[in-house]
Protein chains: 2
Amino acid sequence: MATTPGSSSNQPPSRRIAEELRAAIESGRFAAGEKLPSERALAQQYGAARNTAREAIRILSEEGLVTARHGSGVFVREPQRLFRFGSDRYSRSNRETGLTPFRLEARRQGKEARIDVVGITRERPPRDIAERLGVSADEESVLHRENHYFADDEPVQIVSTYLRWAEAEGTPLTQPRTGKDGIYGRLEELGHVMTRVRDEITARMPTPAEAEVLGLLSGVPVIEVLHTSLDQESEPFEVSRYVHRADLTGLLYELSVE
Amino acid sequence: MATTPGSSSNQPPSRRIAEELRAAIESGRFAAGEKLPSERALAQQYGAARNTAREAIRILSEEGLVTARHGSGVFVREPQRLFRFGSDRYSRSNRETGLTPFRLEARRQGKEARIDVVGITRERPPRDIAERLGVSADEESVLHRENHYFADDEPVQIVSTYLRWAEAEGTPLTQPRTGKDGIYGRLEELGHVMTRVRDEITARMPTPAEAEVLGLLSGVPVIEVLHTSLDQESEPFEVSRYVHRADLTGLLYELSVE
DNA sequence: AAGTGGTCTAGACCACAAG
DNA sequence: TTGTGGTCTAGACCACTTA
């Protein structure tokens, strides 16, 4: 019989400690929210140096299983309620509730939504945006609106919306308050009726800047959605980059199959 | 003027080193694939202990920026070509090419697809699966097929498909080779025409088991898709859990807006 | 054989939290 | 004030890669 390489024997002490703690967490011996033994206690318990116990904790923290709070201890991470964004979030009927999808979802969870406008500037677009919006990446061809979304003051997502500068210039689109039905209302007045959308989805670890804005603990990735709105002539007229906290976000797509 | 807390001053040495290396990588002074100075060299260069330089490397590795290769060095990670899975992957026209979406995409990249059937068993379904498939979570109510997908022998995704045992029993669905048009072909013979699908998308760090199967380096999350197929009577007849390597996967959804 | 990362030790001091 | 995690030091030995 072959020895299982992933099993507890023959592993460095730090991994063995991590493995035992993981098993204890998954079996519920340490419940969600509960405090683990301190690094010093673990070290003594296993007859290892503190750094070795600490390395075990680091492994679990990278997996998103536990989270360390400076000064108080290491705790089993609690599963969070997801913000669910359905593919109907782009529909007109949804827009006509007068609430954005984010506000709707926050209300559903009994939380208070807040949206901070952190910047409205004319810019040279990033390459991926320029391609999808059909503008030059070498000129200041876009209006960039950046918003941060909060639920009960907890940051949830970062949204960067890009519009053609030539269209947005001089309109309420350059203002913090865009009026009834938001930017899509204004864009419709400019002749763009949203008829199709494309969402391109990836996931990755956050940049340090994103981690700070979103208050991300280690072991929490982000979901990045590159969203393109197409009008009645299949022309792209708006591109947005959504950066979602993965521990708080579920995306839902419902499709008819041909 | 307030001091910027995130800036280079007033930070612990390990973070300062990480920050300088990050800047060097992002500016291109260290190109993709290039080797960074060794931990010992960095330590000497910054007048720190080796562990301090090592901690800096760990920070960058957790961000997915660099990857350490035992015995050879630390390298700037190279951006990978994404496997793109469009929402048309469920369409009949696509199925009738005789190639699965994965094989199609692999071919598009000039890679050889391989699909390993790692298990076909009767099981008690996980809670989330049971809910969606409309079966009991307390009995062995499902057939579970688990496949691993490779491109040029590199693991790309893990797929667990769940079908009602009552329907699958005694059919080719319990066999490794399911015949023409795969499981959907057989399910159609059982009276289930796929008319709608729901994809629920989240991202998270991999479990140790997933990390091993997928060969994941640190700092690479997974995208989890919980897929439900609905038939002409809006009854769910198949549920699958896709676990994708996030560094190799882009999902694409195209929708009409009513 | 030489150089690299992986792991460990046994201390130390600091920053933060809570009683 | 006490206990916690955060960071650092200056070593050491091992495992792996490359020449």
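Per chain, numbering begins at 1; letters A, B, ... match sequence-line order. Owing to the predicted nature of the structure, the values given are computational and were not obtained by experimental measurement.
Nucleic acid contact for R15(A): sugar-phosphate only, since backbone atoms but no base atoms lie under 4.0 Å from a heavy atom of the residue.
Where P12(A) and A68(B) each meet DNA chain C at their nearest nucleotide, the meeting point lying more 5' is that of A68(B).
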With a cut-off of 3.5 Å and sequence neighbours excluded, list every side-chain donor-acceptor pair involving residues 23-30 of chain B.
residue, atom, partner, partner atom, Å
S27(B), OG, A23(B), O, 3.3
S27(B), OG, A24(B), O, 3.2
S27(B), OG, R29(B), N, 3.4

Below 3.5 Å, can you tabulate the donor-acceptor pairs from side chains in residues 115-127 of chain B to any protein atom, sequence neighbours excluded?
residue, atom, partner, partner atom, Å
D116(B), OD1, R114(B), NE, 3.0
D116(B), OD2, R114(B), NH2, 3.2
T121(B), OG1, E123(B), OE2, 2.8
R122(B), NE, E140(B), O, 2.8
R122(B), NH2, E140(B), O, 3.3
E123(B), OE1, H144(B), ND1, 3.0
E123(B), OE2, H144(B), ND1, 3.0
R124(B), NE, A137(B), O, 3.4

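Every pair passing salt bridge (charged side-chain N to carboxylate O under 4.0 Å, His left out) that includes a residue from residues 37-50 of chain B is listed here, sequence neighbours excluded: E39(B)-R50(B), E39(B)-R54(B). The side chain to side chain donor-acceptor pair (under 3.5 Å) contacts involving residues 214-223 of chain A comprise S61(A)-S218(A), where partners must be two or more places apart or lie in separate chains. Within the structure, side chain to side chain donor-acceptor pair (under 3.5 Å) contacts touching residues 64-83 of chain A (residues at least two apart or in different chains) do not occur.
By the ring pair (Phe, Tyr, Trp, His ring centres under 6.0 Å) test, F83(A) pairs with F102(A), sequence neighbours left out. H148(A) pairs by the ring pair (Phe, Tyr, Trp, His ring centres under 6.0 Å) definition with nothing, not counting sequence neighbours.
Distance E39(A) CD to dA17(C) P: 16 Å, rounded to the nearest Å. Atom CD1 of I59(A) and atom P of dG6(C) are 12 Å apart (whole Å). Per the geometry, CG belonging to L60(A) stands 13 Å off P belonging to dG5(D), to the nearest Å. Between Y46(A) atom OH and dT9(C) atom C1' there is a gap of 19 Å when expressed in whole angstrom units. Rounded to whole Å, the distance from CD1 on I57(B) to C1' on dG5(C) is 10 Å.
The shortest distance between the side-chain N/O atoms of T52(B) and the OP1/OP2 oxygens of dT7(D) is not below 4.0 Å.
The CG atom of D153(A) lies 7.0 Å from the CD atom of E112(A); values are rounded to the nearest 0.5 Å.
Residues from residues 215-222 of chain A placing a heavy atom under 4.0 Å of any atom in DNA chain D do not occur.
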Sugar-phosphate or base contact per nucleotide [nucleotides 10-19 of chain D; S, B, -; heavy atom under 4.0 Å] | B-B--BBS--
